[in-house]
Every structure is written in structure tokens, then in C-alpha cells.
Amino acid sequence: MFRMMLYTQWKWSRLAVVLGAVGAFALPVLSVGQFGASRASRWEVQAMLGSIQAWGVLYPVLAIVLGLSIAALAWTYDHRGRHVYALSLPIPRWHYVLLRFGAGAVLLAGPVIALWAGTLAATGAATVPAGLHAYPTTLALRFALATLLAYSLFFAAASGTMRTARYILGAIGLIVAVDVLSAMAGMNLHIFESVFLRLIVWPGPLDILTGRWMLIDV
Amino acid sequence: MCDRAALLALAAVLLAGPARAQDRDVLRSRIARLERELRSAEVAAAHADSVAHMRDAPPDTVRVGALRVLAPPGIGGEARAGAARALALIDTAFGTATDALAERRFTLVLQAAQRELRPVPAGTIGVLTTGSTTDIDQRLVWAAAQAMASLNDSALSTWLQGALVPNRHPERERRGVYVALVTAPSPAGQRCYQGDLDACRRSLGLVPVELALDDWYNAARRRSVVQELQDLDAVRAAPRLSSACLTAESDADCLAVLRRVPHSALPPPLPAAARFSLLRSAVELGGRGAYTRLLSTAGRPMETRLAAASGVSSDSLLRTWRAAMFAARPLPVTVGPRAGWVALAWGVVFAFLALRSTRWR
């Protein structure tokens, strides 16, 4: 049953997976463009690191986009069919959700492997100056975790009802409204900022997405 | 008629009774309200008196070790706690030299009272603060560092290129210096990174600039430095040399231009933090008397002074400094086991939320 589920999800998400894999392979290769030059002198190292850092912003973005796409596509046809197919199967609902989740997670392996291959190819071709080191495997591992996390988050969000989505959006809107009103009243509560920081700073769930994403670093 | 008059009188009495009672209630409520107003007016007047008293009252004098702090009335506790914390940090950087601060007085000025800012008492150093212990601590550390810097001789000031501010997180400074060592466009810096202590001396400004200048920059960087310093009189006074440097890319002419530039105008190969970190290493090695020894050896070469301060040879000092930089090396894209497990755990939590979706219940 899992193979069937995997096959149907592959058919729905193959465009996203293929594009994600191409992007994941290209990103590290493009990021070391300057390092690949035969005369990468020490005087240009600072600029190279700046370039690597600028490209590094795209790794978590790609992880989020991939997680969002695969998670949303996993549920699109179920939502469209009002979950009749899922309800007609002789398996418990949790089992069905688990199969969907597992199939999506397996599909994510493609872009992750592509990124790993891209990092290995990029660092193999680049001239890494003394003092700097390449971190292809660590970066790929981090990308895998970030993608899986983003996928889980969006999978959970997409599996909910419209009412749940409205509650979540309503809660965010309420926090923003309270912040705006408090700012107008001269009290800067910064609730949104505080909540956001708790999400992205250790041990927040999105901590893995933040920080330095440097393929080559000191 | 008589009956009618009697009835009217009775009605008047019956009506007048409640009316009088009503008047009394109204009066009582008015009196109560006036009493409340009076009490709140008394409270406001007392508060105003208190504020006026505080404003005009003499400041509290807080003495913590060598630190003397004049604090506005009402924040004596915070000032004492902040000064104690500040002194502990200042002592780690300046040790016995901190005693020199006994000659200075720091006057805390509350930011809330900034509109009524009055001149701080003569002979004291004004320190603007929010009044919290943490802020007082930080501001006093900064003010004390500036006061200590004013004691430095000119050679030390020139070499240090700023005030040594005691730092609770020296590893952050060292991390920055490590990155600079790795990436600085300097042959001396590069060789220092690779372990050449003489190159460390050159890149840290311990060798006279005229002897180290060739090693500070390479040809490309020399050209860019000449370009950056074009507005200096020394460069403008040599148009032929600077033109040959910039247009004909003659490295010998670039070097000739740079030799004419005052040394203080030349950008050192490593940032000022490198020199601060070297001095901190010397103080860590030399103990509480290190900074005093540094000040007492004025007139001698900076390398000798640092060695005297640290109590070890300059080679040992440079080795220790370099090791500290390498120990503080930033950790790039790491996924520690803890971070990895936490990310996985959050993934499982979200997946579990999907299983528990209201759609399935």
C-alpha cells in the first residue's frame, strides 16, 4: 500500500521534486563560483566568504519551499475529493496519514541527495584557500533536517480543516493587532517579535533554519 | 376648610420629611466626595514634595572599591549593585591599575531626568543611565575604560588605537580576530595564521611600521590603500608617484607613496580587536599587576612592555595569543547531536499533530 501511495504522490509532486533537486544541486555549485576560479587569491577570500554567505540564505528558503510544496501536494487531491478515498479505505485514519507522511518524506530524499551531490561537486571543483574548510556533508545533513522539519510543519498545517487554519490565522492576526494597538497606546509589548524569537531561537522548532549556512567557512 | 388645611399640612409634613432626608444624603455624598478629593490632593502634594525633594536632594555616594559613584536619590541600591558588578569586570582587565579610578568620580544621570539635565558636579564624569543595575554596570564599565585610557601614554594609545574596554565575552572578540587572520589581505597576517611569530609581530604593529610596511599589504592592496588615502596631503604632494602607482600600477611607486604617509593614517593589516586581544592575553598571563607594569614601562618598545606585563617572553605571549584565537575559532554549519535530535523531535511533534487533526475525529 505504501508503494501505491508513494507512486501516486510521486505523480502529483514530481515537478516540485525534480525542480527542487535541480535547484538543490545548482545552489552549492553556483555559490562557489568565485572559488572555482584558478586564481582565487587570498585577497579575495573576504569577498568569497561574503558571496558564500549571501548564497547561504537560499538553503533554508529552498528547504521551506520544498517542505511546503511536497506537504501541500500530498493533501491536494484528498481535499479536492473531500477525503472520500481515505474514508473508503479499510485502514485507520492515523495509518493513512502516516502513509501519506512517509511517502512525502521519501520523496524529499531526492532533493537532499541532489544537494549533497552538489556540495561535493562544488567543493571538489573549488580551490579552497588555506584557513578555510568545506563542509559538504554537514551542510547536506542540516538541509535534510531543515527540509524534514518544514515538511512536517506544513504537512500538519495542511492536514487540518479550514476552521483550524482560520484559528491559526486569527491567532496571528490577534497578536499583530495587540502589538499595533499597544504601540499606538505608547506601550511596546512586542508580543509578535517575542513569539517569533521563541520559534527561531534554540530550542525553538525553527532553530535549525537559522544561523550560518556556509558551504565553505573558516 | 379646617379639614382641608389640616390635610394640606399633613401632606406638606409627609413630603417634607423625605425631602429633608434626601438633602442629607446628597450632602453626605458630597462631603464624602470632597473628603476623597482632599485625600487624593494630599497624596499628590506629598508626591510632588517627594519629587522636588529628590530633585534637589544631594546624590547618594556609592563607594565600591576604587569606584566612587554619585547616584541620584532613589537608585542607591541599583548603583551599588551595578558598581560592584562593573568593578569586578574592570578589575579583570586593569587589575591593580584600577586603583587609579579612585581619583575619579562618576555621576549617574538618569535618562528620565534628561530634560531637566543639570551640569554634573565639577570634577566628575557624567554617566547617562536608565537606572537599572545592568545598565549602570555597562555604562560604568565603559566610562571607567575611557578614564583608564586617559592614563595611557601616547605610545600605548597609538598602538592600541582606542580604549581597552573590559569584556565579559573575550571569546567573541577572539572569534572576530580569527576570521580576520584567515581573511585579512596581508602576507604578514597570512604567515601569522600559519604560525610565523615574526609575522604576528609585524601584523600586530609590534615592529616599526617602516620596517613592516612591505609585509603589511601585497601589490594590489597597496594600490587600493593609495587610492583610499588620495585626499591626504602626503599623497597629494606626490602626484607623479601616486599617478604612477594608480594608473601605471607601479608597485615601487605605490610603496614610495605609502612611505610618505603618516603611520597613523595607514590601515593596519589586522583590526584593532587583534591588538586588544593581545593585550588581554598579556593581562591574563600577567595577573592583576600586568596593566600596572604595562603603564610603568612607558618609553620602551611595545613588544617589551607587553612581555613585561605578561611576565613571559614575547614569543610565549604571541603563542598564547595565537592559541587563544584558534581556540575561539567560529564553528560553522554545525549540526550537533543535540540540535539534530531536537529538529527531528519537532518534526515528530508536527507529524503527530497531523495524526491528531480534527478532520479525523
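Sequence lines set the chain letters: A, B, ... in the order given, protein chains first and strands last, and positions in each chain run from 1.
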J.: Other residues, nucleotides and ligands only: do more than 12 of their heavy atoms fall within 6.0 Å of CH2 on A:Trp116?
T.: no
J.: Got a sec: does the CZ of B:Arg168 have more than 12 other heavy atoms crowding it under 6.0 Å?
T.: yes
J.: Are more than 12 heavy atoms from other residues, nucleotides or ligands located less than 6.0 Å from atom CZ of B:Phe326?
T.: yes
J.: What part of A:Leu148 gets closer than 4.5 Å to chain B, counting heavy atoms only: side chain, backbone, both or neither?
T.: side chain
J.: Below 4.5 Å, heavy atoms only, C-beta onward: do B:Phe350 and A:Leu149 meet side chain to side chain?
T.: yes
J.: Around A:Phe2, counting heavy atoms of other residues, nucleotides and ligands shown, do more than 12 lie under 6.0 Å from its CZ?
T.: yes
J.: Sort out for me which of A:Ala157, A:Gly56, A:Pro205 touches chain B most, counting heavy-atom pairs under 4.5 Å.
T.: A:Pro205
